[in-house]
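In what follows, a single structure is set out as structure tokens and then discussed.
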Amino acid sequence: MGSVQVSDLKKHLGETVELRGWQYNRRGSGKLLFLQFRDGSGTVQVVVSKKDVPEDVFETAKRIGNESSLIITGLVTEDTRSALGVEVQLKTLRVLQEVHDYPIQITEDVPNIDKLLDVRHLWVRSRTPHAILRVRSEVEQAIRDFYYQRGFVLFDAPIFTPASCEGASTLFEVPYFEDKAYLTQSGQLYGEAGAFAFGKIVVFGPTFRAEKSKTRRHLTEFWMVEPEVAFLELDGIMDLAEEQVRYVVCRVLERCKEDLKVLERNTAILEKVAEPFPRVSYSEMQDVLQKLKAEFAASSDPELVKLSADILKNGLGDDLGAADETAVGLHYKRPVMIHRYPSAVKAFYMKRDPANPDYVLCVDVIAPEGVGEVIGGGQREDNMDLLMKQVEKHAIPLQSINWYLDLRRYGSVPHGGFGMGVERCVQWITGCQHVREAIPFPRTIYRTNP
RNA sequence: UCCGCGGUAGCUCAAUGGUAGAGCAUCCGACUGUUAAUCGGCAGGUUGCUGGUUCGAGUCCAGCCCGCGGAGCCA
């Protein structure tokens, strides 16, 4: 008799099977015990009846604490009272390790995420983190499938880089033999090299930002997927971003139903990705935000009134603030694409809009429900002279970027792409409160442990 | 870096300047259909650190440490 997985138990109705895993929880009485048994694939209720098992087996089952590791055998029976629809009538019980002081208790809420993150290595066993990280796994697989199916070449960018790609953002400096190196904050520049070699590439890897951000949307280490395509212009880039988000969300809706149920996620808002994403220019958005500001100020909801005060706080020509993004999310209730920002607030490599050189051909995708920017990208400046002006303006050291300028010297073409933060995407899809919950071991300004 | 909030039992939180408490978890016990089971009991503390005010400080004051939320910046 081989072991079976909890997720496959329905195929073994009426059979006696072996299960290997851990006790998640126990309820019961003096003569009847209900072990919640998990093996990673799922959780099943194991019934231990005093009259059906030897005395010592019953006493052991009654004694062992949560997260004791077990190998059991039992009869698989149908039972509508059990969440899974089946349960297991215990026959034999082998305890690999008996545990009595597991530090996490079974609760549904997350009262203090920081305390739980101290024991993240154990917390990942619990119901909610388990569901979120399963969704993350599906998101990452969906991303890979999406690009693979479309003929993109997976083009890994280096982690050690010579210097800043984007100027202002803070980089992690690390000793590198006799020299210094920096952890990458974007694989994009390398992606552009790949696009000119393979046509369509995608960079998928970790990214590091030494920003001292302490919000539920920020990590110092996060995963980013960055497609880059030769001969693709802004409209095409927006099409790609929209299709990719739609594909990923639909995959999760289709394949992670149970996890979304565990997370009590309202899927109605996710299903709206089937509809076209609104595409609004920065300039048009100013008018929309003006209207929203007035509308929210007149609202009876004090939260909206408070939000209203911060809308358009940064003024015309500046980047949108967090309140603006929240308002956009509340208004459209689905991902929104904002394009053609003022060039002053965007990176040096963004291509000028020929129709109005004060703006650049970029696009941000704003997720609703307070998650904010999940995608940032656009068309790259492909003209050597214009690019050089920006390099000088941003005071980017030539020696670290000279290789990149070669891409404009030898066969430059219109091209572009974007970067999507995997954790922000997972945060939105799962509806989890902190982006920290969307990665197995989050790294933040004050946490590198465990 | 700036603004705001917090640190009391393993966890979540109480405690007009006057004997540090509850719920949950652990441990012990009861219960044959429980769904975060329920019920009874035992145990559990240098109240973040240092100093000050006071007859008396978890509480008031000063400094420090640590964390959380937000702004900025970003994905």
Side-chain angles (χ1 to χ4, degrees), chain A residues 24-36 43-52 58 62-63 65-66 79-84 87 89 99-119 123 126-128 166-170 185-188 206-226 241 306 310 313-314 318-323 325-326 345-347 364-367 370-377 418-428 433-436 438-439 444-447:
Chain A
Y24 188 61
N25 196 11
R26 181 184 61 227
R27 292 180 288 271
S29 65
K31 288 168 185 163
L32 187 65
L33 300 175
F34 303 100
L35 307 185
Q36 306 305 314
T43 304
V44 67
Q45 175 153 287
V46 175
V47 182
V48 190
S49 175
K50 193 165 186 173
K51 68 174 168 39
D52 294 337
F58 189 84
K62 195 175 173 182
R63 184 184 70 236
N66 290 347
D79 198 308
T80 50
R81 288 169 294 191
S82 195
L84 197 63
E87 53 184 31
Q89 310 296 323
V99 173
H100 284 282
D101 51 357
Y102 189 66
I104 299 175
Q105 60 196 75
I106 308 297
T107 68
E108 291 289 305
D109 50 355
V110 182
N112 186 341
I113 189 175
D114 199 50
K115 288 274 166 55
L116 287 168
L117 284 174
D118 284 340
V119 287
W123 189 29
S126 298
R127 227 163 79 102
T128 302
E166 310 201 13
S169 293
T170 329
Q185 61 174 349
S186 168
Q188 180 209 311
T207 300
F208 308 87
R209 302 273 167 93
E211 293 152 1
K212 294 186 173 179
S213 299
K214 294 183 290 183
T215 80
R216 50 186 186 173
R217 301 188 306 279
H218 287 88
L219 296 167
T220 54
E221 176 184 313
F222 63 96
W223 284 67
M224 191 151 69
V225 56
E226 300 175 280
K306 200 174 147 197
D310 288 331
K313 196 176 62 177
N314 293 355
D318 290 331
D319 205 355
L320 298 178
E325 293 184 355
T326 303
V345 303
K346 288 292 177 184
D364 284 358
V365 178
I366 309 296
V371 173
E373 191 179 343
V374 290
I375 284 178
F418 60 83
M420 182 182 82
V422 169
E423 291 75 15
R424 290 244 181 114
C425 182
V426 172
Q427 182 185 11
W428 176 54
Q433 211 191 345
H434 300 72
V435 74
R436 290 164 209 189
I439 185 168
T444 60
I445 176 169
Y446 295 125
R447 180 180 294 283

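Letters A, B, ... mirror the listed sequences (proteins, then strands); counts begin at 1.
- With sequence neighbours excluded, no residue satisfies salt bridge (Lys or Arg N to Asp or Glu O under 4.0 Å) with A/Lys50.
- In this structure, A/Gly30 reaches the bases: a heavy-atom distance under 4.0 Å links it to at least one base atom across the strands shown.
- Listed by chain and number, the residues in a side-chain contact (heavy atoms from CB on, under 4.5 Å) with A/Pro103 are A/Leu122 (sequence neighbours excluded).
- Looking at heavy-atom distances under 4.0 Å, A/Met420 makes no contact with the nucleic acid at all.
- Using a 4.5 Å heavy-atom threshold, the side chains of A/Met224 and A/Met420 count as separate.
- Straight-line distance from the OH atom of A/Tyr24 to the C1' atom of B/U34: 16 Å, rounded to whole Å.
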Pairs under 3.5 angstrom, nitrogen or oxygen only, protein versus nucleotides 38-40 of chain B, please.
none

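- Here A/Asp310 lies out of heavy-atom contact (under 4.0 Å) with every strand.
- Partners of A/Glu423 by salt bridge (Lys or Arg N to Asp or Glu O under 4.0 Å), not counting sequence neighbours, listed by chain and number: A/Arg136.
- Contacts of A/Asp79 classified as salt bridge (Lys or Arg N to Asp or Glu O under 4.0 Å), with partners at least two apart in sequence or in another chain: A/Arg81.
- Taking every side-chain heavy atom of A/Arg436 into account, B/G69 is the closest of B/G33, B/A30, B/G69.
- A/Asp118 pairs by the salt bridge (Lys or Arg N to Asp or Glu O under 4.0 Å) definition with A/Arg447, not counting sequence neighbours.
- Listed by chain and residue number, A/Ile445, A/Tyr446 satisfy the side-chain contact (heavy atoms from CB on, under 4.5 Å) test with A/Lys214 (two or more places apart in sequence, or in another chain).
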Pairs under 3.5 Å (N/O, protein and nucleotides 25-29 of chain B):
residue: B/U26; atom: O3'; partner: A/His100; partner atom: O; Å: 2.8
residue: B/C27; atom: OP1; partner: A/His100; partner atom: ND1; Å: 2.5

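- In RNA chain B, the stems built from three or more successive Watson-Crick or G-U pairs (distances below 3.5 Å) are B:1-7 with B:65-71, B:10-13 with B:21-24, B:27-30 with B:38-41, B:48-52 with B:60-64.
- A/Gln427 places a side-chain N or O within 3.5 Å of a backbone atom of A/Gln433 that can act as its donor or acceptor partner.
- With sequence neighbours left out, the side chain to side chain donor-acceptor pair (under 3.5 Å) criterion links A/Asn66 to A/Gln23.
- Residue side chain A/Gln36 does not reach the base of B/U35 through any donor-acceptor N/O pair under 3.5 Å, judged by distance alone.
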Between the protein and nucleotides 1-6 of chain B, list every N/O to N/O distance that falls short of 3.5 Å.
residue: B/U1; atom: OP1; partner: A/Lys212; partner atom: NZ; Å: 3.3
residue: B/U1; atom: O4; partner: A/Lys212; partner atom: O; Å: 3.3

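- When the side chain to side chain donor-acceptor pair (under 3.5 Å) test is applied to A/Thr215, the partners found at least two apart in sequence or on another chain are A/His218.
- For B/G69, its base never sits under 3.5 Å from the side chain of A/Gln433 at any donor and acceptor pair.
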